[in-house]
Amino acid sequence: MPTLHEIWSGILSEGHKLEQDLLNLRELVDKDFERLMANPELVKPLFTLMRKIRPIFVAPHIAAVSLYPDVLEVLANEQSFSVSPIYLSKMEATTGDFVLGLDNTPQYQTEIGLMRAVVTHGDVSAIKAITCHEAESRVQAAAAAGGSIDAVAQLTRPIANAVVAEYFGAPGPDPTTNMRWMRSIFREIFLNLGNDPNMAKDASECAVGLNASLDAIIAERKRQLAAGEILPDDFLSRLVKLQATTEPSFEDSVIRRIVGGTIVGTVDTNSKAAAQALDQLLVRPLSLEDARQAAVADDDALFARYVFEALRFNPQNPFLIRKCTRDTTIAAGTSRETTIKAGALVLVGTQSAMFDPDVFPEPDAFRADRPQNLYIHFGHGIHTCFGRYFAAEIIPGCLKPLVKMPGLRRSTGTGLKYDGAFPDSYDLSFDV
Ligand code: HEM
């Protein structure tokens, strides 16, 4: 199998080899998807070239779309571009089936409906409060200890886990175990496209622990409800209360699947997005200083603009994936109109779309004044992120007190350290 370097050199020197390159990429997707997800620089040259010479690219069993309108079109058409063949069986083997593995079926509508029914408008500020409190105290502790911090292990990851414990009501036995469960199961469902049996085994063991933990909490909340006791006001407990008043009702396993699926999508997603956005700010000292001034001025909206623009350069997902279930023509009526064949794995270039110059002028420039509604960090279409309003607070919120600190810099000169696709540690220092 060719190395990534060979693939990309080939792409850049000979555009006509694009088809072979895409086929090689297909092999990499199957064999080492996690490596691709860990480093968008690996796929950026392919998508950059596609945007210029062939924006919708098809080869046997694989296709890729690179421009903003085509990315939205694919994500909006879940009847042709499905998530189920990719994610559902792995969900069933771990947390149980979950909305992100379901097409627009009655089960999807019922379960996303239950999830929406227990979320209230005030939850965004509750989550912001949890995040701010955690971030402030963690950065203060780092300042008291001399001004060094592991911005992942001591900040972004435990803060996202605190949201899972406090807001979602699923703390697990302890934070370390919970974070390990979340990562292992996420890895199996969303990254193990090559079906590595070790990943599957680890996730299956973690899922046994997670499911037992959730079942125990659900049973306790039901006991409290029956005894007339006051339940905590969290996502899980609200589902238990909803179960008691819904006719016909739903099984405890529905609550477990919903909570399990949701929290697996909470910890490392937020942690990764925050860590990578921070890293992109740190390699742009002028933008970092602008962001710092917004943070010091407590201008949260402006600070968030810096963070989400930074995230564009290294997003949580460089692309999303779909399976094409029937021959489908996209960009119909344009010069790039192309039919994607049933059976193709489709790489939906969300990061590439955010570099489409028709939508993001001067795409390589860092500009915090871009219209916020254009970013597609949270996907598009029916599966648009359920937690996007929460994440919009968590990601900047967990960074703000740290970015406020003067002289923020990498301690060792090295960047983020990864565990597969997941940022795992990031040693930073600041002046105290
Ligand atoms: C509180 C935190 C979060 C929660 C509870 C959450 C939950 C979810 C859920 C339930 C879905 C599936 C929605 C559906 O199928 O209808 C989803 C999708 C998605 N989420 Fe999140 N998420 C969170 C954080 C994030 C973050 C931080 C990012 C990226 C910055 C992100 C990016 C996405 C994307 C791109 C999708 C769509 C995936 C696809 O279409 O294949 N999420 N999220």
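Ligands are counted one by one from 1 in listed order, and the atoms in each one are counted from 1 as well. In this text, all values refer to a predicted model and were calculated from it rather than measured experimentally.
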query: What residue pairs, at least two apart or across chains, pass salt bridge (Lys or Arg N to Asp or Glu O under 4.0 Å) with a residue in residues 71-95?
result: none

task: Report the part of T384 in contact with ligand 1, treating N, CA, C, O as backbone and CB onward as side chain, heavy atoms under 4.0 Å; options are side chain, backbone, both, neither.
output: backbone

query: Taking heavy atoms and a distance under 4.0 Å, where does Q316 meet ligand 1: side chain, backbone, both or neither?
result: side chain

message: Can you confirm, on distance only, whether ligand 1 has an N/O atom lying under 3.5 Å from any N/O atom belonging to N270?
response: no

message: Tell me the closest heavy-atom pair linking Q243 and E251, and the distance in Å.
response: NE2-C, 3.6 Å

Ligand 1-proximal atoms of K272, by part, heavy-atom distance under 4.0 Å: neither

query: Relative to ligand 1, is T350 under 4.0 angstrom through side chain, backbone, both or neither, heavy atoms considered?
result: neither

- request: On the 0 to 90° scale, with breaks at 30° and 60°, tag the H377-Y375 ring pair as parallel, tilted or perpendicular.
  value: parallel

- prompt: For N77, does its backbone N or O pair with a side-chain atom of S80 as donor and acceptor, under 3.5 Å?
  reply: no

- prompt: Taking the side chain as C-beta and beyond, is there a heavy-atom pair between R292 and F303 under 4.5 Å?
  reply: no

- prompt: Where on V83 is there a heavy atom closer than 4.0 Å to ligand 1, on the side chain, on the backbone, on both, or on neither?
  reply: neither

task: Looking only at non-hydrogen atoms, find the nearest pair between A63 and I340 and report the distance.
output: CB-CG2, 3.9 Å

- prompt: At under 4.0 Å between heavy atoms, which part of F378 makes contact with ligand 1: side chain, backbone, both or neither?
  reply: both

field: Numbered atoms of ligand 1 (with element) below 4.0 Å of F98, judged on heavy atoms
entry: 10 (C)

